[in-house]
Asks: 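Structure below; questions to follow.
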Amino acid sequence: MKIGYPCINRTIGCTCGRTFRLKNFSEDRLEETVRSNLLCLLNILKFNVERTILFFRITSDLIPFASHPVCTFHWQERFQEQFKEIGMFIRRHDIRISMHPDQFVVINSKDDAVVERSIKELEYHAQVLDLLGLDRSAKIQIHVGGVYNDKEKSMQRFIDRYNALDDLIKKRLVIENDDTSYTVTDCLRIHFATGIPVLFDYFHHQLNSSEEKMADAFELLSRTWSEKDGIMMVDYSSHHGRGSKRSHAFTIDLRDFTSFLEQSKPFDYDVMLEIKDKEESALAALQAVKKDSRFIKV
DNA sequence: CCCTGTCAAGTCACG
DNA sequence: CGTGACTTGACAGGG
């Protein structure tokens, strides 16, 4: 088991998701931003490795406007060496990597233009992981998409669109159960039709499930990950006591986390802590988990 | 310097 | 019907 946090480190004081407004776009600005984002990414990974945090989600903002028509700059070639260096660091320390494109990626949309943009965005994510030289256990996680008042048809549309994707994307794509529309059971059905692995989101499962017990969900979903895909990824978070029921907690509730670990006992997986204070909670969770046999210190 | 409206992109729940 | 939520607030213009 590895523990990780998404995208942002609040200790180091750099961000690997620096971006800028579209109207200020220039190649120079893009080049400078990407350079600084990549430097920061390596710094964060080093920070993490020193603390045995071996799971990390790379921000989609790493290359601003990468899939936008305005971007004709060949960042892939320009930064090839930096990607290679970071990739070597990741492999040397056996860091698990994920990416999570934002909500605009909807491959089952009824609007072809949305689908087209979504695929471009997925291509960009796949390119980043390819440039890092990572194997197919580095994943890109997305939601199934919209329901459009007809879940059956919308699921079928996802399946058809997924099947038509380039293998460079397919080999990295996984779906996760979401908090409003597609449950673990829905995702499993899509898995059986496509072979796509399913990432388990603990928080979403509490908000939106169709009966399944958590242990059953672990059992079923862990089997959707093949040897090459690596062990199952799990998103963990709990909700903010005072905010809306969908908002994420500011810091980890170790009692809840420990109970979550207990419930998932027989299974091994990598867990991403979607919690606002980031590495702070990851370090606390690490302490809680160190007694667990699934966690092997590197 | 600080404040705050706005930022490429979609969909849905909630009030 | 408008707003906020989502994996993550940050940018930048105006005072």
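Letters A, B, ... mirror the listed sequences (proteins, then strands); counts begin at 1.
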Asks: Can you tell me, in whole Å, how much space there is between the P of C/dT7 and that of B/dC7?
Replies: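 Taking atom P in both C/dT7 and B/dC7, they lie 23 Å apart.
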Asks: Counting only non-hydrogen atoms, which of residues 119-127 of chain A are less than 4.0 Å from DNA chain B?
Replies: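 Correct list: A/Glu121.
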Asks: Any ring-ring contact (aromatic ring centres under 6.0 Å, His included) pairs touching residues 179-199 of chain A, not counting sequence neighbours?
Replies: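 Qualifying pairs: none.
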Asks: How many whole angstroms separate atom CD1 of A/Ile107 from atom C1' of B/dT11?
Replies: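 Computing the A/Ile107:CD1 to B/dT11:C1' distance gives 15 Å.
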Asks: Going by the rule side chain to side chain donor-acceptor pair (under 3.5 Å), which residues pair with A/Arg29 if we only count those two or more places apart in sequence or in a different chain?
Replies: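 None.
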Asks: Which residues, if any, of residues 19-43 of chain A bring a heavy atom under 4.0 Å of DNA chain B?
Replies: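 Those residues whose heavy atoms fall under 4.0 Å from DNA chain B, taken from residues 19-43 of chain A in numerical order, are A/Arg21, A/Leu22.
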Asks: Please state how far atom CD1 in A/Ile63 lies from atom C1' in B/dA8, giving the value in whole angstrom units.
Replies: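 Those two atoms, CD1 and C1', are 16 Å apart.
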Asks: For A/Gln206, what residues pass the side chain to side chain donor-acceptor pair (under 3.5 Å) criterion, not counting sequence neighbours?
Replies: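 Once residues adjacent in sequence are excluded, the partners of A/Gln206 under the side chain to side chain donor-acceptor pair (under 3.5 Å) criterion are A/Tyr202.
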Asks: Just checking, A/Arg51 and A/Phe47: is the charged tip under 6.0 Å from the six-membered ring centre and within 45° of the axis?
Replies: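 The answer is yes; both the distance and angle limits are met.
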Asks: Reckon A/Gly146 touches a base, only the sugar-phosphate, or nothing at all at heavy-atom distances under 4.0 Å?
Replies: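 Sugar-phosphate only.
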Asks: A/Glu279: what forms a side chain to side chain donor-acceptor pair (under 3.5 Å) with it, not counting sequence neighbours?
Replies: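 Once residues adjacent in sequence are excluded, the partners of A/Glu279 under the side chain to side chain donor-acceptor pair (under 3.5 Å) criterion are A/Thr11.
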Asks: Taking NE2 from A/His204 and P from B/dC12, how many angstroms apart are they, rounded to a whole number?
Replies: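 To the nearest whole Å, that distance equals 15 Å.
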Asks: Return all side-chain donor-acceptor pairs below 3.5 angstrom for residues 128-147 of chain A, not counting sequence neighbours, or 'none' if the list is empty.
Replies:
unit_1   : atom_1 : unit_2   : atom_2 : d
A/Asp130 : OD1    : A/Arg172 : NE     : 3.4
A/Asp130 : OD1    : A/Arg172 : NH2    : 2.8
A/Asp135 : OD1    : A/Ser137 : N      : 2.8
A/Asp135 : OD1    : A/Ser137 : OG     : 2.6
A/Lys139 : NZ     : A/Arg136 : O      : 2.7
A/Lys139 : NZ     : A/Lys171 : O      : 2.8
A/Lys139 : NZ     : A/Asp229 : OD1    : 2.8
A/Gln141 : OE1    : A/Arg57  : NH2    : 3.3
A/Gln141 : NE2    : A/Glu176 : OE2    : 3.0
A/Gln141 : NE2    : A/Asp235 : OD2    : 2.9

Asks: Could you work out which one of B/dA8, C/dT7, C/dG9 sits closest to the side chain of A/Ile8?
Replies: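 Shortest atom-to-atom distance from the side chain points to C/dG9.
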Asks: A/Leu199 has an atom CG; how far is it from atom C1' of C/dC6, in whole Å?
Replies: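 A/Leu199 atom CG is separated from C/dC6 atom C1' by 15 Å.
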Asks: Sequence neighbours left out, what passes salt bridge (Lys or Arg N to Asp or Glu O under 4.0 Å) with A/Glu77? Give chain and number order.
Replies: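 Per chain and number, A/Glu77 pairs via salt bridge (Lys or Arg N to Asp or Glu O under 4.0 Å) with no residue.
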Asks: How long is the line joining CD of A/Glu116 and P of B/dA8, in whole Å?
Replies: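 After rounding, the gap between these two atoms is 20 Å.
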Asks: Would you indicate what A/Tyr148 reaches in the nucleic acid, counting non-hydrogen atoms under 4.0 angstrom: base, sugar-phosphate, or nothing?
Replies: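 Sugar-phosphate, no base atom in range.
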Asks: Have A/Ser60 and A/His125 got a donor and an acceptor in their side chains that come within less than 3.5 Å?
Replies: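 Yes, because at least one side-chain N or O of A/Ser60 sits under 3.5 Å from a partner of the opposite role on A/His125.
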Asks: Given C/dA12, is OP1 or OP2 found less than 4.0 Å from the side-chain N or O atoms of A/Arg18?
Replies: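 No, outside the criterion.
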Asks: State whether A/His143 places a side-chain N or O below 4.0 Å from either non-bridging phosphate oxygen (OP1 or OP2) of B/dG10.
Replies: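 Negative; the distance criterion is not met.
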Asks: For A/Phe218 and A/Phe260, take the angle between the two ring planes, folded into 0 to 90°, and tell me which bin it lands in: parallel under 30, tilted 30 to 60, perpendicular over 60.
Replies: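 A/Phe218 and A/Phe260: tilted rings.
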Asks: Among B/dA8, B/dT11, B/dG10, which nucleotide has an atom closest to any side-chain atom of A/Arg117?
Replies: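 Of B/dA8, B/dT11, B/dG10, B/dG10 is nearest to the side chain of A/Arg117.
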Asks: Below 30° counts as parallel, above 60° as perpendicular, anything between as tilted: where do the rings of A/Phe65 and A/Phe25 land?
Replies: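 The rings of A/Phe65 and A/Phe25 stand perpendicular, inter-plane angle above 60°.
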Asks: Please state the P separation for the pair C/dC1 and B/dA8 - nearest whole angstrom.
Replies: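 After rounding to an integer number of Å, I get 28 Å for this pair.
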Asks: With P as the reference atom in both, quote the distance from C/dG9 to C/dA5 in angstrom, rounded to an integer.
Replies: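 Here C/dG9 and C/dA5 have their P atoms 13 Å from each other.
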Asks: Using a cut-off of strictly less than 4.0 Å between a heavy atom of the residue and any atom of DNA chain B, enumerate the qualifying residues of residues 95-103 of chain A by number.
Replies: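 When residues 95-103 of chain A is checked for heavy atoms under 4.0 Å from DNA chain B, the hits, listed by number, are A/Asp102, A/Gln103.
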Asks: Find the distance A/Glu279:CD to C/dT7:C1' and express it as a whole number of Å.
Replies: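 Interatomic distance, CD of A/Glu279 to C1' of C/dT7: 15 Å.
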Asks: Does the side chain of A/Asp277 pick up a donor-acceptor pair with the side chain of A/Ser281 at under 3.5 Å?
Replies: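 Yes, side-chain donor-acceptor contact under 3.5 Å.
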Asks: Could you tell me which residues satisfy ring-ring contact (aromatic ring centres under 6.0 Å, His included) with A/Phe55, sequence neighbours excluded, listed by chain and number?
Replies: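 By the ring-ring contact (aromatic ring centres under 6.0 Å, His included) rule, A/Phe55 matches no residue at all.
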Asks: List for me each residue that meets side chain to side chain donor-acceptor pair (under 3.5 Å) alongside A/Gln127, sequence neighbours excluded, and say none if there are none.
Replies: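 For A/Gln127 the side chain to side chain donor-acceptor pair (under 3.5 Å) partners, ignoring immediate neighbours, are A/Gln76.
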Asks: Using atom C1' in both nucleotides, what's the gap between C/dG4 and B/dT6 to the nearest angstrom?
Replies: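 Here C/dG4 and B/dT6 have their C1' atoms 15 Å from each other.
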Asks: Nearest heavy atom decides the nucleotide; on that basis, is A/Arg57 or A/Thr15 closer to the 5' end of DNA chain C?
Replies: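 Result: A/Arg57.
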Asks: With a non-hydrogen cut-off below 4.0 angstrom, is A/Val147 in contact with a base, only sugar-phosphate, or nothing?
Replies: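 Result for A/Val147 = sugar-phosphate.
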Asks: For DNA chain B, what are the stems built from at least three Watson-Crick or G-U pairs in a row, each pair having both distances below 3.5 Å?
Replies: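 Stem list for DNA chain B: B:1-7 with C:9-15, B:10-15 with C:1-6.
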Asks: Rounded off to whole Å, could you give me the OH-to-P distance for the A/Tyr236 and C/dT7 pair?
Replies: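 The answer, rounded to whole Å, is 15 Å.
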Asks: Stacking here means centres under 5.5 Å and planes under 30°; does A/Phe104 stack on B/dA9?
Replies: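 Yes; by the centre-distance and plane-angle rule, A/Phe104 counts as stacking on B/dA9.
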Asks: Rounded to the nearest Å, what distance is computed from the CG atom of residue A/Asn149 to the P atom of nucleotide B/dC12?
Replies: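 A/Asn149 atom CG is separated from B/dC12 atom P by 7 Å.
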Asks: Are a donor atom and an acceptor atom from the side chains of A/Ser67 and A/Arg117 found within less than 3.5 Å of each other?
Replies: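 No donor-acceptor contact under 3.5 Å links the two side chains.
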Asks: Can a donor-acceptor pair be found between the side chains of A/Arg157 and A/Ser109 at a distance below 3.5 Å?
Replies: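 Looking only at side-chain atoms, A/Ser109 and A/Arg157 do not form any donor-acceptor pair under 3.5 Å.
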